[in-house]
Structure formats: C-alpha cells, structure tokens
Amino acid sequence: MVFDEQLLSSHGVTAEEYARIVDALGREPSLAELGIFSVMWSEHCSYKSSRVHLKTLPTTGRRVLQGPGENAGAVDVGDGLAAVFKIESHNHPSFIEPYQGAATGVGGIIRDIFTMGARPIALLNSLRFGSLREPVVRRTFTGVVAGIAGYGNSIGIPTVGGEIGFDESYAGNPLVNVFCLGIARGDEIIRAAATGVGNPVYYVGAKTGRDGIHGATMASAEFDETSSEKRPAVQVGDPFMEKLLLEACLEAMRTDALVGIQDMGAAGLTSSTCEMGWRGRAGIEIDVALVPQRETGMTPYEIMLSESQERMLLVVKKGREREIEQIFEKWDLHAVQIGEVTDDARLRVKADGVVVADIPNEALTDGAPVYRRPMQAPAYLDGVRHLAFEALSAGAPGEVFRALLASPGVASRRWVYRQYDHMVRTNTVVVPGMGAGVVRIKGTVRALALSVDCNARFVYLDPFAGAQLAVAEASRNVACAGGEPVGATNCLNFGNPERPEIMWQFAQAVAGIGAACRALDLPITGGNVSLYNETDGQAVLPTPVLGVVGVVEDAAKVVRRAFQAEGDAVLLLGTSRAELGGSEYLKTVHGLVRGVPPVLDLAAEAALQRLLVAAAAQGLVRSAHDCAEGGVAVTLAECCFDTGLGADVDLPPAELPAAGFEVVGTLFGESASRVLVSTAPSSREALLDAARAAGVPAAVIGRVGGSRIRLAVAGVVVIDEALDDAQRLWDGALERELEPASATP
Amino acid sequence: MKVAVIVFPGSNCEHDAEFVVREVLGQEAELVWHKDTSLHGADVVLLPGGFAHGDYLRTGAIARFSPVMREVERFARAGAPVIGICNGFQVLLEAGLLPGAMLRNRSLKYQCEQVHVKVEATDTPFTLACSPGQVIRIPIAHGEGNYYAEPDVVDDLERKRQVVFRYCAADGSVSDASNPNGSVHNIAGICSEGRNVVGLMPHPERACELALGSADGLVLFESVLRAVAESSRVAR
C-alpha cells in the first residue's frame, strides 16, 4: 500500500474500503483519487449505512414526477405545474460556525431546487438546540437564525414556516434542516445528466478556493473537543452570487442549449462530474487547470474536493456555447469550459493535460459500499418507557398552563421569524408561526400548504411509533390549512450508525415513516440523511423530520388556525386518551422524557385528514389547529392569540392515566389525530354530519368569545386566564431567554 | 401607464412590483436591466427592493453608478414620477435624488412585519389618491431602514412638507412606540422638493391584494396611475 494507515483514517477510509478502491481501479490510487473516493464514499454522499433501509420507502404515486435520485423530488400540482422540493441538513457546519453553517445550508438547498429548472418560492426550516440557559446554545441559536435570515432575505426567497425544538441532547450538536420548494412547468424539469459525447462541460459561478475541503467527510464523523478546529471545513456563503447564478441559470434553462446541470454541493466538483456522467451513462473529462481559482497553488486534490459555494456544472449542446456564455456574461458571471462529455463512463481529471485521476463513475456512485450494519434495541428503552406517576404531583392546572406557554418548546417564534423576510415574492397567504405556511401559485387559483415536523421525544421513546407520528403531524398540519397532502421529503438526523443502538433507531424510524406514508398515500420524493450527530459519544434525540406539501385547490379557501368570530362553536375532532408519555407537560413541569408516545391509528388519521380537506373546501370550518405540544389547552390558547378572541370550553374527562392526573391529562395530554376547529353556528350541524359520515369523532366543546381563556373539565373550571396575560407570557418567552436585558417584562 | 422597473444585480422585489402593475392594475410594466441606457418610454420609474450588488458596501452605494441611473436622474430632474421602495429608496439616497441616509435598525436586526404608516402629504404623484392623514397598513422588511439626516436637513424636510409617510399606531398617533426602526421623526418615506421623486422603506407592492393580508398599498399605484393620466391630458 502506498498510503499509511493514518492517511487512510484521516480520509475516513477503512482498510476494507481501500482494498475495494484498488479492486475498482485495478491499481493503487493516486492521492487525488483517494480523496475523490473518500468523499464519494463518505456517509454523507454514499448513504452507505442508510441505503438498504431507504429503499423500503414508498416513492411513487400518481402525482410523482420525480422521485429520489435527482437533486430534488417533484410532484404534479395541477395546471401542468410541478412543485419541486427537498429538505436537507447542515447540522455539523452549523455547530462549528453557526452563521455560515446555516447560511450555506440555505444556499445549498436553493441550488438543488433551481438546478431542476424550478423557481424557488418558499423556504422552511426545522431547528433543534440545547437549553437556552446555556450561553453557548444562545450563541448558536442567534447565529443560526441570523445565518438563515442573512441568506434567504438577500436572495429574496421567503421563509414561510418551520419549527424549533429544544433538548439538552442537541447542546453540542444542533440540527439545522432547511426545506425549499420551487415551481416549474412539469414538462420542463431539467435532469442532472451528462449526455452527448463531445458536448462541452462548463463551470459557472464563484471561483474555487480551499474552503470546505472534506466538508462531506466532516459531516460523516462525530464531534469531540477538537471539532472547533475544523472551522476551515465550513464554507462561506455569498447570497448575492447565488442570486445572480439563480437568475442566470433560469434564463439559460429557457433556451434549449442546455443538456444538464448540477450544483457543486457536498464533494463539489467531484460529485457533480461523476454523478452527471453516471446518470447520463457517459463519461466526463475535465482539466482542473481550467477551473477558476481564487487562491494560488491549489493542487488537483484541493480543487476536486473544495466545497466553495455558489458553483454549478453545466453540460451545453455543442455549437450553442456562445448563447449560454452570453447569458452568464449579462449577469457578470463567468462560464468557463473545463472539459467535455466522453463515451467511456469514467471520470477523468487532468491537470495541465496530465491525467491525475481516472475512475469508473460506477465505482463512485452505485458501486459505493453498502453496509447492513448490526442493530440492537437500546438498553435505555426498558427504563424510560415506564412512567412512575406515583412519584409525581400533577400540579395546579393554571400554573402548568402558564409554565407551558412560556416554555421555549411552546412559546411564540415571532422573535425568530420577524428576522426572516417571509413576504417577498408576494405569495405568502399564511405567514410563519401559524401552523402550516401557505403560498399561492401565481397564475392559478391554487395554493400550497407546507409543514415540517417531528416530535423527537416520541421518536426517542419509540422510534417506529414516533416516526409515524412525525409523518402524521406534518401531513395533518397541511390538511388543517385545507391542503391535500401530495408528497413528502424527509431529513433523518441520527447519531453514529456504527453503534447498533443508533442503527436500530434509524431502521425502526424508516420503517415507521414507510408504514405511515403508505397508509396516508404520501410518497417520499427525496430527502437527506444526517448521521454521526454526536458529541463526545452523546447522540442527539433521533430526529426524522418530515416535510409535507399539500395542494389547496382554491387559495381563497385556505383555513387559518386563529379563531375568526365571536360566537363560533369550538369543536374537538378526534379521540382524547389523556396520554402524557413524551409530553411537553412532563418535560417542562417534571423535566422528564419518559413513557410511551401517543397511540396512532393510521386509518383514523387518514379519515381525519380527508375530513379537514373536504370541510375546508366546503367552507364548513372557520379555523383549524392541530393539537400538539401542550395538548388541547395550549392549542386553544394559540387559536385565541392571533385574533385576540377568547374562548370558553368544557372538556369531557379523558380516561385517567393515574389517580390525580385526570385533569392535567385531559388538558395537556398529547393524543394524536386531534384538531381543534371553529365553525359558524350555521355550519355546525353540517360539520358534525360530515364528521359522522367520515367516521371522525367530533364534539362541540365550547364557543369563541370574550377576553379570557377559560377551560373546564367535566363542568369544573380549571383554567381561567385573561387572554392578554396569557399572550404576554407566550409572546415574550423566547426574547426573555435570548435577550434578558432588553426584554420587556 | 407604463412603469419601468429597474433591475440591479441583487434586486429581489422586481417581480412583485411588475406583478402589481400588470396583474392587479392592468397596466404595462417592463423590467429594465441596470446596464440599459434607455427607460423604454416609461411614464413612471420604480426602483424595487432587494440587495443591489449584495449591499456588501453601503446599501445602494454601488447601484447609483449603474448606467441606467443617469437616465433615471434625467427623468427625475424633468419632473417625472420616480419611486424607490426599500432598497430602491436607499439607492435614491445614495444617488442624491433624495436627502439623508440609512442606519441599521435600532434593534440591530432585520425586521419583517406589518406596520402602520400615516400619509402626511397628498400632493405627490404617489399619494394624490390618499386622504390627508390616511393610515395604511403595509409591511416593512429591512435591516437598514433607520432613516437619518442632520437636524437642519430634517427641519428643512418638515418645513417643506417633504415627509410623505410617517410610522404610526393603528389610530394614527405618532410616538416612539410606533417607530419600528428608530427613524428620525418616525420618517418612513420622503419626497424631493419637486415632489415627483418619492422614497419609502415599507413595501406597498406587498400589500395590494386582500388575499395577502392587506390591500392598503394599492393606493400608491392608483395615485400614480391618476397622475400619469392627468399629466398626459394636460400634455394633450
């Protein structure tokens, strides 16, 4: 072997993998080739631990135009239009350098969308942090939010929704998952394939520097106390450059001179060349000396592995070069030919004419290692599933209610989304912080409802059930707005897959997602896996985030979560079971993540979602809001806050989990498949009839009105708060945590 | 009416403005690239929001040197209607077509939210359809919208009634509590001495349809439509 063990291990290549490399090449690799293999075979690029499981997910459906395998998935949303969307993680870079890590995460997912020929129109994000009591977490939190804002605002794509969760396990390993959606004509989606021998290969966008070298490898390893030294592996974003690239690429795509295009994301020039070649069953030959460089003395190894941002690889029809060059020149961008398409299905890299790498594309893509890693149920499960109520005191309902409203997990996200431009492009029908984000599709009467969700506590307590609940919640949120869920994307954030317990969590969660998606007829059209989310051996809560896209047939009939009119009836749809396992109540009041997650009946969930979509289309509901963290009590309060209308409700007692917990279980239990809706008195009976016909339990529990939030259980008033006071607690909670000095009391 | 919407590299509200003029108002709009040296016979020039040239230097500081700005200046000096929204306002300040400068918001953060704005002058082409003191609800979305000018300049602006829009509460009262970014005298927008050049930080083009939460911004576009119709009648 020409390389010592230390060099291999610094590349994350095992001895067995090295033997496979030699086998694939029929000789020892050069250093550049070793680097190329190491990034393409990294977990981040190859999905080597996850692939066998991901293959079990449902990925087809009547609306699916593009499933997994391209830069993003696509579904038909009517009028010949496609919604192109995907979610992706940028967890590891965001811990090391919060602002740039988050910013380049936004930049990366936007490129994935416009690469498909779609104009990006909406961003969402799903974020996880440790406790805001820790200064380092506050720094990470504010940095990540500022980074998302800095990039999204500048490029002019609205951030229309998202979710944020907190748990100590994320303290050294925050999660930053970014979702982007774009609109394209269904018949004009562009694929990232290189075809046509002799067609020129172009490099456009920012120059290549030494930033981000081995970013993909970094994202495929755990963190330890030396991780902050990896800062040079984090890229620096330039949203202005990306804005120019976006406009220039969309303009170039309107010509028919473009054959294929791919962004240089993780593994940069390496992945874009070999993957485009592989998809087109062709080869690509480039000369790195032709690559625009912003630093001197860069080696072929560095150029191939750089993850400098805002770069794209284009294959252009031979003879049409000038047309494409002129478009990029208009936008002050350089389009430089660096190579051409060949017929040998290999990636050949030259440096000033001398071959430095020559590798079959297949070895780098489909031929990458696939592992069936050992799995074992974690030992922690036996302990945490048991909930010893006898050792706890339930707490006074009013106090619990106030504590929950002010807890970071529940409190208003206004401090965050106020920093995001959520209105640019003038499509935003429902702004962030109100459940699903809704954007209209200009030129049609339709709108899209978008939601990203995951309750990681549920997944921790039962990965299979928890992942199902994540699918159900994201889909339910979309249905609440009146959107028919038509497609999903997932971002699977887990610990080190080489540990059998983590691999078991992962496999269980993927199986849960598959089962739920099949039951809800919801295809997964793509996504991302982020493993090794651990610091010093401590894994994050398993967090499979689901992003769901729903079509609202008539944008004028979008349903919001806020109560709309005094005197409207409040109804609770679904079955309450006083389930407290994994609840916000247990976490906030008792500091516990224990018990079993709520029961999920997928058939009941599907019936509920169908009812919501139909009721919205018929105008039977005036508001709809999913019951999630904090149960019915917190859900009711959130329905009151947006319009300042109070409510008075009386809940039947749910089955008691333990003596003394009946009331808190009824108020704060998080049973799945429940939605709080309001309806005009004149529509009440029609809604009850529709629920009965759909087989969805529905109960009138009270009415909208007044300036108080009043909740009774079995006729006894247990919470009676002035709406203003409750809202003040909820509104200012995040700000009080983040800016203790400047916050108003 | 034909509106020239100037597109700088980094503009990002040009399509929103174009949409309002074309689809909501049913008028003509043309995107004019910043390197262009003609306004293509437009009746109105609109400088849209965004981050021209990335705003990596001072906001609007590079955009003022774009070739098209010479035409915009000529157009403005001839008394024709010019409006700069958000980043477009910042460009007008840098180009010297309006006085003053922008500081970072006093929160030191980007802020995107609905605000109330009081119309203080109805004798500009962009406010002539407003009633005096009318309160409109339109969004802001900026990190550097904290308007500042030297005290004598502000006095001058007030004396000559060049303050066109002022941040206020829903009831029209003006106080520090209704000032979202720290602007001097709650100034949200001003006009030139000739009154034909108007700049404002809030985004009227984002509030032209009830489906998006407010249609209060439409009155600015209706105003200029009327202004253009009247001036062409006079010309005839």
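Below, chain A is the first sequence line, B the second, and so on; all start at residue 1.
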pair A:V424-B:H203: side-chain heavy atoms closer than 4.5 Å = no
Just wondering, more than 12 heavy atoms not from A:H334 lying within 6.0 Å of its NE2?
-> no
For the residue pair A:E329 and B:K35, what are the closest heavy atoms and their distance?
-> O-NZ, 4.0 Å
What closest approach, in Å, do B:E205 and A:T426 show between heavy atoms, and which atom pair accounts for it?
-> O-CG2, 3.7 Å
Region of B:E23 that comes under 4.5 Å of a non-hydrogen atom in chain A = neither
Given a strict heavy-atom distance threshold of 4.5 Å, which part of A:D238 is in contact with chain B: side chain, backbone, both, or neither?
-> both
Would you sort out whether A:V145 and B:K109 count as a side chain to side chain contact (heavy atoms under 4.5 Å, CB included), showing the intermediate values?
-> CA-CA 11 Å; A:V145 170; B:K109 289 187 184 67; over 6 Å; no
If you draw the axis of the six-membered ring of B:F19, does the NZ or CZ of A:K442 fall within 45° of it and under 6.0 Å from the ring centre?
-> yes
Taking it one step at a time, do A:R440 and B:L212 satisfy side chain to side chain contact (heavy atoms under 4.5 Å, CB included)?
-> CA-CA 9 Å; A:R440 66 175 175 185; B:L212 303 180; 3.7 Å; yes
Nearest heavy-atom contact between A:K243 and B:G10 is CG-CA, 4.2 Å
Between B:P9, B:G49, B:A141, the one whose heavy-atom pairs under 4.5 Å with chain A are most numerous = B:P9
Spacing of A:R418 atom CZ and B:S107 atom OG [to the nearest 0.5 Å] | 5.5 Å
Taking a cut-off of under 4.5 angstrom between non-hydrogen atoms, the residues of residues 164-190 of chain B near chain A are none
A:I155 versus chain B, heavy atoms under 4.5 Å apart: side chain, backbone, both or neither?
-> backbone
Just by distance, do the side chain of B:D55 and the backbone of A:F240 share a donor-acceptor pair under 3.5 Å?
-> no
Go through A:E247, A:M241, A:H422, A:Q419 and name the one with the most non-hydrogen pairs under 4.5 angstrom from chain B.
-> A:Q419
Per-residue tally against chain B (heavy atom, under 4.5 Å) across A:L244, A:T428, A:V429, A:N153 peaks at A:N153
Determine, step by step, whether B:H142 and A:D421 satisfy the side chain to side chain contact (heavy atoms under 4.5 Å, CB included) criterion, reporting the C-alpha distance in whole Å, the side-chain angles of both residues, the deciding distance to 0.1 Å, and the verdict.
-> CA-CA 8 Å; B:H142 58 244; A:D421 188 339; over 6 Å; no
Within a radius of less than 6.0 Å around CZ of B:R106, do more than 12 heavy atoms belonging to other residues, nucleotides or ligands occur?
-> yes
Donor-acceptor contact present, side-chain B:N12 to main-chain A:S154, <3.5 Å | yes
